[in-house]
Each structure stands twice: as C-alpha cells, then as structure tokens.
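Bear in mind that the values here come from a model prediction, so they are computed numbers and not experimental data. A note on names: the letters A, B, ... follow the listed sequences, proteins ahead of strands, and every chain is numbered from 1. Note: hydrogens, waters and symmetry copies are ignored here, and every other heavy atom, side chains too, is used.
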Amino acid sequence: MSKDKFKQHFANIIADAFQKCYPEKYEEIGHYQVFDPDFIYDNLEKPKDPKMGRFALPVFRFARLLSDKPQEIASKVAQAVDEGIAGNKKLVTVTAAGGFLNAKVDFNTLTMETLQDVLDKGKRYGTSTVGEGRTVLVEYSSVNIAKPFGIAHLRTTILGASLREIFKKLGYNVVGLNYLGDWGTQFGKLIVAYLKWGADISKDDPCLIDKLFELYVRFHAEAKQDELLDEKARVVFKKLENGDTDTTKLWKLFRSRSIEKFKRIYDRLGVEFDLIIGESDLNDKIEPIIERLEKAGLSRISEGALVVDLEDTQLPPCLLKKADGATLYATRDIVGAFWRFEKYQYDQSLYVVANSQSDHFKQVFGVISRLEETEHTPEDERLAPRLKHVDFGWVKFGDKTMSTRSGNVIPVEDVVNKAVSLVKQMIIEKNPNLKAIDKTAHMVGVGAVKFSQLSVKRLTDVNFDWDAVLSFEGETGPYLQYTHARLCSLERNYDKDIKSDIEVTLLAGEEEQRIVELLADFPEAIADAVRNYDPYFIATYLLRLAGAFNKFYQRKTPDGRIDKIISDDVTLTSARMALVTSVRTVIGEGLHLLGIQAPEEM
RNA sequence: GCGCCCAUAGCUCAAUUGGAUAGAGCGUCUGACUACGGAUCAGAAGGUUGGGGGUUCGACUCCUCCUGGGCGUACCA
C-alpha cells in the first residue's frame with residue numbers, strides 16, 4: 001500500500017522535531033524510535049473527532065524513553081515543529097493536546113489533490129497494484145445439493161462475492177469458487193428417504209427438490225426413533241462411493257436439479273463464480289494424498305477408522321476414512337487444497353464458512369501443515385500458511401438457531417421477493433414516473449438484503465430480523481442508493497462538464513472539508529476491508545460518506561434557507577459539483593465492491 | 001467434562017485492535033425554506049460497557065475468577 005503523502009510529511013517533521021527537542025537522547029539511541037520517521041508513521045492514529053485533526057500521535061508511551069511528561073513532550077515537539085517550518089508553506093499544522101500531537105493538513109492542498117485524483121481516475125480511484133501477479137481463491141456460498149438455499153447461506157454468499165470484488169480492485173487474480181456439498185453420508189440419507197417415502201414423486205416434478213427436502217427433514221425426525229435408518233444411510237452412501245449404478249443415477253438427478261434451482265437464485269442475487277465444483281469431483285484425487293499421509297507416517301488406524309493425530313493442538317484426531325472405508329469432508333478439504341493449488345498456484349486461499357466449523361478447518365490446516373513439515377517442503381512452497389478460514393457468526397432467527405435438519409429454514413428467494421415487492425410498492429408511491437420500475441425495484445430490494453449482511457462485522461452473530469432487512473431507512477443499502485441517485489440527479493440538473501480545476505477555497509466549509517477528508521479515506525477503507533477480510537469496513541465507510549454529503553446537501557444559510565449546491569454563482573457551483581461527482585463516484589464504486597448496484601434514479 | 005466464541009442505550013450494532021467526552025441506526029419525543037429527490041436533514045431523551053479482582057500513564061479492549069448464553073467436541077457437512 002503506498003504511503004499517504006501527508007502522513008509521511010508529518011512523520012518526517014515530527015521525527016525531526018524530536019531530534020531537536022531531545023538531542024542528548026537522540027545521541028544516545030540514534031535513528032530509532034521517535035527519531036525514526038518510519039516508526040512515527042507506523043504509530044499514527046486517527047483522532048476520535050475529525051475536528052481534532054487528520055492524524056495524531058499519542059506520546060504517552062515515549063514518556064519513559066525521553067524521561068519527560070507526556071504533556072511536556074507534546075507541547076515541546078509541537079513548538080519545535082512550528083518554529084522549524086515557519087515561513088515555509090505549511091502542509092500540516094501540528095498542535096499539542098494533552099498527551100497527543102494532532103495534525104491538521106493543509107486543506108487547499110488536500111482538496112485539490114483528492115478531487116483531482118477521484119475525477120481523473122473515476123471508478124479506478126482507490127485501485128492499487130498490491131495484488132498484481134498474485135492469485136487468491138475465495139470459496140463461498142458452497143451450498144448443499146438437495147437442500148434449500150436458506151438465509152444461513154446468505155452470509156457466506158454475499159460476504160464471499162464482495163471479497164471477490166475487493167481483491168479484484170487491488171489487482172489480484174481472483175478465483176471465486178462455489179464448492180458444492182454434493183457428496184457425503186447425507187446423500188445416503190436422502191436416497192434412503194426417497195426410496196422409502198418418495199415413490200409417488202415424479203422425476204419431472206418441478207418441486208422435486210423441495211419435496212426431497214421434506215423427506216430429508218422426515219428422515220431426521222424418524223431417525224430419532226429408528227436407529228436402523230442411520231445405518232441404512234451409511235450403507236447406501238458407501239454404495240454410492242463404490243459406483244453403484246442405480247444409486248449414482250438418483251444422485252445425478254438430485255444434483256442436476258438442485259444446480260438448476262441454485263442458478264436461478266444466484267442470477268437473482270447477481271452473484272457470480274469463476275468456478276463451480278463439487279466435493280464429488282475430488283473422488284479420484286483422494287487416494288494419492290492418503291498415500292502421502294501414510295508414507296509420511298502421520299496416519300494410523302483407530303477403532304477401524306483412518307485418522308491423523310493432532311495431539312499438541314487439543315483437537316481431536318482428524319478422520320480421513322470411516323471404519324467402512326468411506327471418506328469424510330475433512331478428507332476432501334485436505335485433498336481439495338492440494339488440487340486447487342495444482343490448478344491455480346494460489347498465494348492465498350480463503351474459506352468463507354461459518355465459525356461453527358472452525359475446528360474442522362484447524363484440523364484440515366493442521367494435517368496439511370504436518371504433512372508439509374514431515375516432507376520438508378520448503379517454507380515458501382507450503383500451502384498451510386496460505387489457507388485462511390474467513391469465519392463469520394451465526395444467522396439466528398428469533399430465539400431459534402437456523403437448522404437445516406429440523407427444517408427451520410427461511411428461503412433466500414422469499415426474502416428477496418419480499419424486499420423487491422416492497423420496494424416496488426414504494427417506488428409506485430413516491431416516483432411513479434420512473435421508467436424502469438421493476439429493474440430498479442430489483443436493484444434496491446437486493447441491495448437492502450445484501451447490505452443487511454455486510455453492515456455488521458463478520459464475526460458478530462446476527463439475528464435475522466424481517467423488519468431490519470426490509471427497512472430502507474437509516475443505515476441501509478437503499479440509503480446509500482438513494483444518496484447515489486440524488487447525486488446523479490444533481491449532475492443531470494447541472495448538465496455541464498465537471499472540472500477539477502476549481503476554486504478550492506470555496507469548499508472550505510466544515511461540511512465540505514469533512515467530505516473531502518472522507519473521499520481521501522476511501523483507499524484506507526478498502527485496505528481495512530482486505531486486512532480484516534471483511535467488507536464491513538467499506539459498508540460503514542460509505543455510510544459515513546453518504547451521511548456527510550446529505551448533511552452538506554441540506555445545510556441552511558443563516559436565514560434558514562437551504563444553501564443550494566446549484567446556484568447562479570458559476571464558480572461556486574462548479575466547485576461544489578466537483579465534490580458531487582467525486583462523492584457519486586466513490587459511493588457507486590464502494591457499492592460495487594459490496595456487490596450492490598447503484599441506480600441513477602429510484 | 002474439555003475447547004473456542006460472545007455479553008455495550010429499550011432493540012440492532014460500532015468504538016481506529018491499549019488512547020482523548022463509549023458512538024451510530026431503529027424505536028420514542030420536538031422540529032425543517034411551500035422539497036436542487038423528505039428512502040433526507042437538525043435536535044432531545046436514553047450507559048456503573050453482565051459482576052468482582054488484577055496488569056499501567058490509560059482498559060469496552062489484555063490476565064484471572066464468577067454468572068448467563070452460543071458453537072464444537074472421531075466415523076454428518
């Protein structure tokens with residue numbers, strides 16, 4: 001990530017001032033700590049209140065080093081800075097506030113450079129090249145065949161789709177991967193249930209998948225009474241693994257019909273993948289890896305099953321094969337990591353999966369790590385350090401936990417349909433002349449649903465609340481879209497070219513300054529999102545930006561009138577419009593990174 | 001039992017990863033030029049950060065104990 005010019009300048013003059021204020025200490029320890037601009041740079045923070053400045057350095061932690069009081073340090077250094085740059089053009093102004101050194105940047109310079117940057121680059125503003133030549137895999141959604149697409153899957157789908165966009169923005173070669181759950185004992189259960197109770201279901205029934213799911217729920221209910229059912233399911237799955245024709249035929253039918261159904265939902269959500277594979281695609285790749293593990297002496301037979309011990313991790317052993325020889329999903333995830341590397345040579349591989357599976361991934365990564373250690377794979381060729389479980393909290397509904405097995409599922413399709421139709425109603429009410437009502441309603445409805453999943457930090461459990469998801473006011477997707485549409489409307493009304501060579505002093509008001517600062521913060525918001533693997537940081541940034549703009553937009557003059565952006569004052573208007581277009585650009589691009597569309601009217 | 005995670009305004013969530021007066025939205029209440037798009041904006045009320053102890057210049061954040069929840073815990077995914 002390239003360094004912020006203002007920050008760098010601040011770090012330089014501060015380090016310099018420290019040298020002047022504490023010459024004997026500088027003599028003693030040399031070009032380190034507070035005397036080193038890079039050290040200062042890394043210790044900079046953003047003040048709590050933007051009014052205090054653009055960045056700040058807390059000096060408490062240097063009190064011991066300099067044997068001086070924090071307040072003293074701050075005021076001495078601030079004074080030294082002031083004297084040092086007197087007469088020169090001040091890029092930053094430093095003030096002492098308690099134990100903090102606060103820096104305000106020269107507003108004209110910041111405004112000019114930021115607006116020029118945004119207007120020149122347009123959608124490419126905030127792009128960087130840190131990811132160039134690097135490949136990152138993002139596994140997300142990963143729905144299970146023959147099961148409903150419930151809101152439990154909503155979070156991974158939307159998180160992953162957004163991460164895919166964000167990494168692209170930074171120049172990474174991104175492979176969005178949907179890893180279908182199309183293998184495992186569950187298919188034994190499904191087939192047993194189908195053969196037992198589903199004789200009357202036609203194979204062409206359009207509701208085949210829904211009906212299958214009902215049978216699946218029934219299976220779990222009846223399995224509580226009848227222990228033989230689970231046993232039967234295991235046998236049937238084993239038959240499937242052995243390639244039994246009739247079983248395979250049924251499995252193929254369920255699989256293809258499910259995929260058709262999922263495709264419709266992905267289309268509706270506007271979620272894309274670069275590769276869709278299933279667990280079953282790995283079947284012929286499993287044995288070589290198991291042989292490697294055996295050869296490395298890592299696996300052993302325990303109670304009839306093939307396991308790898310992970311004793312120093314407090315984790316239970318990782319099961320590779322059940323006593324009947326059938327594989328488990330950990331086995332397939334281990335194999336999959338190697339397979340994916342062969343195919344893509346990834347630098348990072350992200351698994352966007354709920355945190356309830358964190359032990360599973362610890363086991364999988366642990367086994368891979370051990371194998372590579374034992375085989376003495378060179379450090380820089382190892383896969384284990386490249387694997388990352390991007391976990392996230394539960395989606396709960398009321399006081400119940402969403403559980404597929406109990407049939408307690410809210411289909412994503414219902415959620416989207418409800419949101420879209422509500423938006424449509426709203427448009428008809430508020431903006432009946434809008435041309436593309438259905439298209440717009442879809443963008444906004446889906447935007448609301450997506451934003452509801454991204455406006456909370458990844459690891460926080462969320463309650464699925466219909467009212468919250470279907471709310472279009474306050475901190476919501478539609479709020480951002482509305483602001484965007486309003487900005488577009490201003491551009492239509494203005495109807496002239498937007499120029500970046502404007503009179504920046506006309507944007508010196510508090511509200512305008514705040515907007516400029518936020519515009520300049522966009523790259524940082526993206527960096528935060530990447531560092532934390534969490535689009536939340538972009539979502540919350542956009543809310544701040546939109547809020548700052550809306551405040552400016554509705555600002556009043558002292559006589560109580562709205563201080564309009566477009567006025568007879570040509571110079572002022574063109575300055576403000578440069579701001580308008582910049583904000584529109586960043587909100588539009590920010591929403592794009594979240595996987596949300598930004599209509600020009602709504 | 002063991003392991004991991006969580007507890008902040010009535011509700012849903014934040015808090016720059018140990019920093020300044022703990023902030024937003026929703027809900028409630030009061031307002032906004034006869035609206036450059038009111039899906040907006042301004043303001044008010046609302047807190048002993050679950051509880052005790054500790055670490056230090058400084059704790060919502062780290063350590064410890066307690067209480068109350070969630071998830072996982074070898075042949076499901």
Side-chain angles (χ1 to χ4, degrees), chain A residues 44-49 52 56 58 60-61 63-64 69-70 97-100 102 142 144 147 181 183-186 188-189 230 233-234 237 279 302-307 313-324 326 328-330 332-333 353-360 362-363 391 393-394 396 401 404-405 423 426-427 430-431 444 455-457 459-463 465 467-468 471-476 478-479 481-483 485-490 492-494 524 528 532 536 540 543-544 546-547 550-557 559-562 564-567 601-602:
Chain A
L44 291 183
E45 297 177 354
K46 185 157 279 193
K48 194 158 205 108
D49 185 342
M52 297 190 275
F60 307 94
R61 54 188 82 136
R64 191 162 297 154
K69 289 180 196 160
F100 290 88
N102 290 336
S142 301
N144 294 318
K147 290 196 194 161
W183 205 248
T185 312
Q186 50 173 329
K189 295 178 182 177
D230 279 328
R234 275 192 284 274
F237 175 59
E279 292 184 47
S302 166
E303 296 171 36
L306 187 67
V307 307
T313 59
Q314 294 193 336
L315 291 165
C318 180
L319 260 79
L320 299 178
K321 278 185 178 178
K322 301 194 277 190
D324 65 4
L328 288 118
Y329 87 132
R332 294 186 286 273
D333 264 344
V353 179
N355 62 8
S356 55
Q357 290 193 40
S358 60
D359 280 356
H360 162 72
K362 281 182 196 157
Q363 287 181 308
D391 51 348
W394 270 106
K396 286 185 251 180
T401 299
T404 311
R405 293 182 185 184
V423 172
M426 209 156 166
I427 292 175
K430 301 192 176 204
N431 195 3
V444 177
S455 61
V456 172
K457 288 185 86 163
L459 286 162
T460 309
D461 289 353
V462 290
N463 289 311
D465 178 3
D467 290 342
S471 157
F472 311 131
E473 290 171 15
E475 297 176 334
T476 64
Y479 171 77
Q481 290 169 316
Y482 177 75
T483 306
R486 185 191 245 174
L487 286 155
C488 289
S489 169
L490 280 169
R492 283 193 300 272
N493 293 342
Y494 181 58
E524 199 180 299
D528 284 343
N532 296 290
Y536 158 82
T540 189
L543 289 172
R544 280 200 300 276
N550 284 326
K551 186 172 182 170
F552 167 57
Y553 180 84
Q554 304 232 347
R555 182 176 59 187
K556 288 178 184 172
T557 56
D559 63 349
R561 297 186 159 278
I562 295 277
K564 293 193 175 184
I565 287 172
I566 299 173
S567 67
E601 295 176 75
M602 62 187 267

Item to complete: Would you mind classifying the nucleic acid contact of Phe237(A) as base, sugar-phosphate or nothing, using non-hydrogen atoms under 4.0 angstrom?
Response: nothing
Fill in: SG-CD distance between Cys488(A) and Glu601(A), expressed to the nearest 0.5 angstrom
8.5 Å
Worksheet entry | Distance test, side-chain N/O of Arg486(A) to OP1/OP2 of G38(B), below 4.0 Å | yes
Discussion item. Please classify the nucleic acid contact of Val456(A) as base, sugar-phosphate, or nothing, using heavy-atom distances under 4.0 Å.
Written reply: sugar-phosphate
Worksheet item: With a 4.0 Å cut-off, would you call Glu524(A) and Arg544(A) a salt bridge?
Response: no
Item to complete: Please work out if Asn144(A) contacts a base, only the sugar-phosphate, or nothing of the nucleic acid, heavy-atom cut-off 4.0 Å.
Response: sugar-phosphate
Discussion item. Side-chain N or O of Lys46(A) versus OP1/OP2 of U16(B): is the shortest distance under 4.0 Å?
Written reply: no
Worksheet item: Is Arg61(A) near enough to G58(B) that one of its side-chain N or O atoms lies under 4.0 angstrom from OP1 or OP2?
Response: no
Worksheet item: For Asp324(A), which contact category applies under a 4.0 Å heavy-atom criterion: base, sugar-phosphate, or nothing?
Response: nothing
Worksheet item: Is the base of A39(B) touched by the side chain of Asn550(A) through a donor-acceptor pair closer than 3.5 angstrom?
Response: no
Item to complete: With a 3.5 angstrom cut-off on both distances, give the Watson-Crick or G-U wobble partner of A24(B), or none if there isn't one.
Response: U12(B)
Discussion item. Return the pairing partner of C33(B) with a 3.5 Å limit on both distances, Watson-Crick or G-U wobble; otherwise return none.
Written reply: none
Discussion item. Quick check: do Asn550(A) and Tyr479(A) have side-chain heavy atoms less than 4.5 Å from each other?
Written reply: yes
Discussion item. Any base atoms under 4.0 Å from Tyr479(A), or only sugar-phosphate, or nothing? Heavy atoms, all strands.
Written reply: sugar-phosphate
Fill in: side-chain N/O Asn493(A) vs G37(B) OP1/OP2, d < 4.0 Å
yes
Worksheet entry | Of Gly98(A) and Thr483(A), the one whose closest RNA chain B nucleotide lies more 5' | Gly98(A)
Response to the item:
Side-chain contact check for Tyr553(A): nearest option of C71(B), A39(B), G38(B) is G38(B)
Worksheet item: Is the shortest side-chain N/O distance from Ser356(A) to OP1 or OP2 of C71(B) below 4.0 Å?
Response: no
Item to complete: Report the residue (Ala323(A) or Ile562(A)) whose heavy-atom-nearest nucleotide on RNA chain B is the more 5′ of the two.
Response: Ile562(A)
Discussion item. If the cut-off is 4.0 Å, is Lys564(A) near the phosphate of A35(B), judged by side-chain N/O to OP1 or OP2?
Written reply: no
Practice prompt. Scan Ala305(A) against the nucleic acid and name what it touches under 4.0 Å (heavy atoms): base, sugar-phosphate only, or nothing.
Written response: base
Item to complete: Quick one: look up who C2(B) pairs with, Watson-Crick or G-U, both distances under 3.5 Å, and put none if it's unpaired.
Response: G72(B)
Practice prompt. Whole angstrom is fine here: how far is it from NZ in Lys362(A) over to C1' in C71(B)?
Written response: 11 Å
Fill in: hbond_proxy Glu45(A) side chain to U16(B) base (donor-acceptor, 3.5 Å cutoff)
no
Item to complete: May I ask you to say what Arg555(A) touches in the nucleic acid, namely base, sugar-phosphate or nothing, with a heavy-atom cut-off under 4.0 Å?
Response: nothing
Worksheet item: How would you label the contact of Val462(A) with the nucleic acid (heavy atoms, under 4.0 Å): base, sugar-phosphate, or nothing?
Response: sugar-phosphate
Item to complete: Nearest whole angstrom, please: distance from the P of U56(B) to the CZ of Phe60(A).
Response: 17 Å
Fill in: Side chain proximity check, Lys457(A) to Thr540(A), heavy atoms < 4.5 angstrom
no
Worksheet item: Hey, is Tyr482(A) stacking on U40(B)? Ring centres under 5.5 Å, planes under 30°.
Response: no
Item to complete: Quick one: label Ser358(A) by what it contacts on the DNA or RNA (base, sugar-phosphate, nothing), any heavy atom closer than 4.0 Å.
Response: nothing
Item to complete: Pick base, sugar-phosphate or nothing for Ser302(A), based on heavy-atom distances below 4.0 Å to the nucleic acid.
Response: base
Worksheet item: Is Ala485(A) touching bases, backbone alone, or none of the nucleic acid, heavy atoms closer than 4.0 Å?
Response: base
Practice prompt. Write down the partner of A7(B) under the Watson-Crick or G-U wobble criteria, each distance required to be under 3.5 Å.
Written response: U67(B)
